[in-house]
2 protein chains.
Amino acid sequence: MQNRPGRPPRITISDVSTAAGVSAATVSRVLNGTAKVDSSLVDRVHDAVRQLGYRPNAAAQGLARGEWGTIGVLVPDLANPYFPDILKAVSTVARAHGRRMMVMESDENPAAEHDLVEDLMRCCDGVLLCSPRMDRAELVELAGRKHPMVLFNRVVPGLSVPSISVDFHGGMTQVCGHVAQLGHRRAAYLSGPSASWANAERIRAFEGARAFGLEVTVVECGATSQAGYDAASAALDAGVTAILSYNDLVAFGALSRLQELGISVPADLSVVGFDDLSLDRVAHTELTTVSVSRDNLGRRGGEILEELLVTGHDADPVYLPMTLHLRKTTAPPPTI
Amino acid sequence: MQNRPGRPPRITISDVSTAAGVSAATVSRVLNGTAKVDSSLVDRVHDAVRQLGYRPNAAAQGLARGEWGTIGVLVPDLANPYFPDILKAVSTVARAHGRRMMVMESDENPAAEHDLVEDLMRCCDGVLLCSPRMDRAELVELAGRKHPMVLFNRVVPGLSVPSISVDFHGGMTQVCGHVAQLGHRRAAYLSGPSASWANAERIRAFEGARAFGLEVTVVECGATSQAGYDAASAALDAGVTAILSYNDLVAFGALSRLQELGISVPADLSVVGFDDLSLDRVAHTELTTVSVSRDNLGRRGGEILEELLVTGHDADPVYLPMTLHLRKTTAPPPTI
DNA sequence: CTGTTAGCGCGTTCAT
DNA sequence: ATGAACGCGCTAACAG
């Protein structure tokens with residue numbers, strides 16, 4: 001942008017126009033294909049562009065066009081293994097539509113989210129809010145700004161904002177059904193981040209699980225394998241025959257602890273994961289879990305946002321069903 | 001930006017100025033603290049801002065200031081577990097300096113990198129190139145644009161661009177030393193992405209390893225646990241007593257295969273990882289590996305870029321030493 | 001088909 | 001201390 005000492009002078013569109021002996025408008029037209037231009041001029045422009053190494057200034061373009069060519073993504077934690085696949089998919093979709101991707105993280109601090117989203121709105125055409133932890137009121141307030149926005153893995157009843165979410169409730173219900181069918185009556189749930197809607201949805205499934213004759217005790221845990229490791233014995237204390245987990249990481253952590261305790265899985269105890277983080281090769285343990293393709297999830301999220309940006313039309317809320325993967329960490333409870 | 005149908009009218013600085021009964025210049029001064037303003041006017045401005053819900057347009061600010069307030073990061077693969085920690089650290093540093101973070105990925109396609117970097121330069125104050133796969137010539141060409149740029153995990157001899165890299169060569173040398181000292185004479189290396197400088201540096205260490213009396217055979221593999229699993233038997237065919245890996249994922253994948261083959265580690269065979277991806281809790285296997293804090297690495301990378309942006313001064317190249325973690329997958333070779 | 005003109009929204013002189 | 005005027009770099013509407 002403006003010339004700063006020690007940096008090469010910015011080459012602008014007018015530099016190109018004078019070098020090519022045409023008007024700036026013509027340069028713009030050639031570069032954007034906005035209108036037909038005499039081929040001789042086209043060549044001269046291209047030559048000038050090449051020789052000067054001209055690149056249009058994105059801020060100026062944005063200002064003039066009223067579009068930044070950028071989407072913003074907010075995630076609670078960049079280090080959470082759930083999001084890389086999502087970001088990758090969103091990035092791919094964005095790029096396919098000529099858009100860049102700005103990324104921000106709240107570091108699991110709900111209070112930080114509002115300002116971050118506000119900032120994203122100042123510099124992005126649309127915003128994708130992944131698993132936002134902020135409360136409903138804040139979300140409603142942000143939605144009220146009418147800035148293109150898509151909710152990802154967070155459903156807010158009564159808020160008409162395009163959204164895409166995994167059916168966590170249904171997924172956990174499948175898990176409960178599976179475990180109950182095996183004959184388990186009491187299970188523990190290693191709970192994830194307290195502000196997480198996704199976690200709340202999983203927990204909500206336990207009400208319905210009573211109908212299967214399964215009683216689930218919620219144990220505070222977290223989202224990492226270390227948390228799962230640490231919380232495993234507390235879960236055991238609840239006197240259960242099965243452990244359900246917030247995610248696969250937690251489950252593997254718990255498995256690690258159980259092994260140390262000499263408890264054999266699934267003979268003595270059943271363990272179920274969540275999300276299918278594809279760590280089986282690493283853990284060489286085939287974990288029973290439930291999942292949905294994160295690639296597909298991220299891609300569709302990006303597409304919904306893109307559609308919103310282009311047509312201005314809110315796509316219908318998407319609710320993706322999870323698939324149960326029966327593997328080798330669940331079995332009937334030990335017969336006493 | 002410009003009003004588009006179906007969206008609320010953009011509130012600009014002049015809306016605020018008329019509402020507050022002051023000039024736009026005053027609003028700007030109040031918001032940026034650029035100059036002293038009468039406190040009564042300050043209040044009126046703040047009130048107007050709040051009531052109108054005014055947010056400065058980032059593109060306009062960028063254009064006027066000659067700064068975007070944004071840094072760009074390019075990574076080869078967003079799904080590679082090495083980068084989340086890096087991105088998180090870089091994002092934190094950027095935010096601490098009031099900058100946003102734009103992220104792009106080349107999807108391990110070296111040919112795509114050049115255009116992506118060019119695009120980043122059009123909209124970012126500075127660029128961080130993580131493990132770029134492009135060839136030296138392209139890198140030199142990009143550096144020639146004098147756009148603030150930092151190289152991360154890629155050293156280009158003769159190119160004076162600020163850089164921060166892990167001493168992969170030294171790390172692998174430590175690995176070789178450790179293995180040789182245990183008495184191993186022949187090892188296999190499960191090789192990573194061919195275009196990766198980081199991989200090349202690891203391989204380069206094998207020349208020096210001959211001095212320890214260790215002969216290392218390079219086996220094509222990849223960067224995932226699946227690749228490690230698949231390549232494990234090929235490594236075995238080389239008739240070795242130890243397997244060295246491109247990263248921990250590969251090592252765990254290989255371990256998984258070895259277990260299937262009934263080969264016990266470290267009694268029959270030693271296995272060494274790389275990077276310490278902290279998967280031990282998941283794999284409940286204490287992998288001998290070598291590493292450097294990715295958090296620190298990312299943070300310093302961000303700081304080097306920040307310093308470059310602020311002072312314009314190239315920081316000296318940083319070369320971070322790796323630390324060897326002796327755990328439980330290495331032991332002397334079996335006595336015949 | 002092409003050049004001229006007028007903004008896009010903001011920061012920053014320069015006068016006052 | 002404050003306002004008016006100009007420019008950042010580019011696109012779009014308007015003439016010709």
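So that the names make sense, note that chain A is the first sequence line, chain B the second, and so on, each numbered from 1.
- Of all heavy-atom pairs spanning A:L63 and B:A60, the tightest one is CD1-CB, 3.7 Å.
- Following rounding to the nearest Å, B:R65 (CZ) and C:dT12 (P) show an atom-to-atom distance of 7 Å.
- Between C:dC8, C:dG11, D:dC10, one nucleotide has an atom nearer to the side chain of B:A64 than all others, and that is C:dG11.
- When the nucleotides C:dG3, D:dT2, C:dT2 are ranked by their closest atom to the side chain of A:S23, C:dG3 comes out on top.
- Look at CD on B:E67: it is 15 Å from C1' on C:dT12, rounded to the nearest Å.
- When each of B:A58 and A:A35 is assigned the nucleotide of DNA chain C bearing its nearest heavy atom, the one mapping closer to the 5' terminus is A:A35.
- No hydrogens or angles considered: a donor-acceptor pair under 3.5 Å links the side chains of B:S14 and B:T12.
- Looking at B:E141 and B:H114, their side chains do bring a donor and an acceptor atom within 3.5 Å of each other.
- Residue B:V22 is in sugar-phosphate contact alone, with no base atom involved, counting any heavy-atom pair closer than 4.0 Å across all strands shown.
- Under the 3.5 Å distance criterion, with hydrogens and angles disregarded, no donor-acceptor pair is assigned to the side chains of A:S293 and A:D295.
- Side-chain N/O atoms of B:R29 and base N/O atoms of D:dG3 include a donor-acceptor pair closer than 3.5 Å.
- Counting only heavy atoms from C-beta on, A:D38 has its side chain closest to C:dT2 among D:dG9, C:dT2, C:dC10.
- For A:L63 and C:dC8, the CG to C1' distance is 4 Å, given to the nearest whole Å.
- Taking atom CG of residue A:N32 and atom P of nucleotide D:dC10, one finds them 10 Å apart after rounding to whole Å.
- Between the CG atom of A:N57 and the C1' atom of D:dG7 there is a distance of 13 Å, given to the nearest Å.
- Here the nucleotide nearest the side chain of A:A60, chosen from D:dG9, C:dG11, C:dT2, is D:dG9.
- Within the structure, every side-chain polar atom (N or O) of B:Q61 is placed at least 4.0 Å from both OP1 and OP2 of C:dG9.
- Summarising the geometry, the separation between CD1 on B:I13 and C1' on D:dC6 is reported as 15 Å, rounded to the nearest angstrom.
- Residues A:L52 and A:V16 come closest through the heavy atom pair CD2-N, 4.2 Å.
- The distance from atom CZ of B:R10 to atom C1' of C:dC10 is 15 Å, rounded to the nearest whole Å.
- As rounded to whole Å, 9 Å separates atom P of C:dC10 from atom CG of B:D15.
- Here B:S28 lies in heavy-atom contact (under 4.0 Å) with a base.
- At the phosphate of D:dT2, neither OP1 nor OP2 sits under 4.0 Å from any side-chain N or O atom of B:T26.
- Taking for each of A:A25 and A:K36 the nucleotide of DNA chain C with the nearest heavy atom, the 5'-most of the two is the partner of A:K36.
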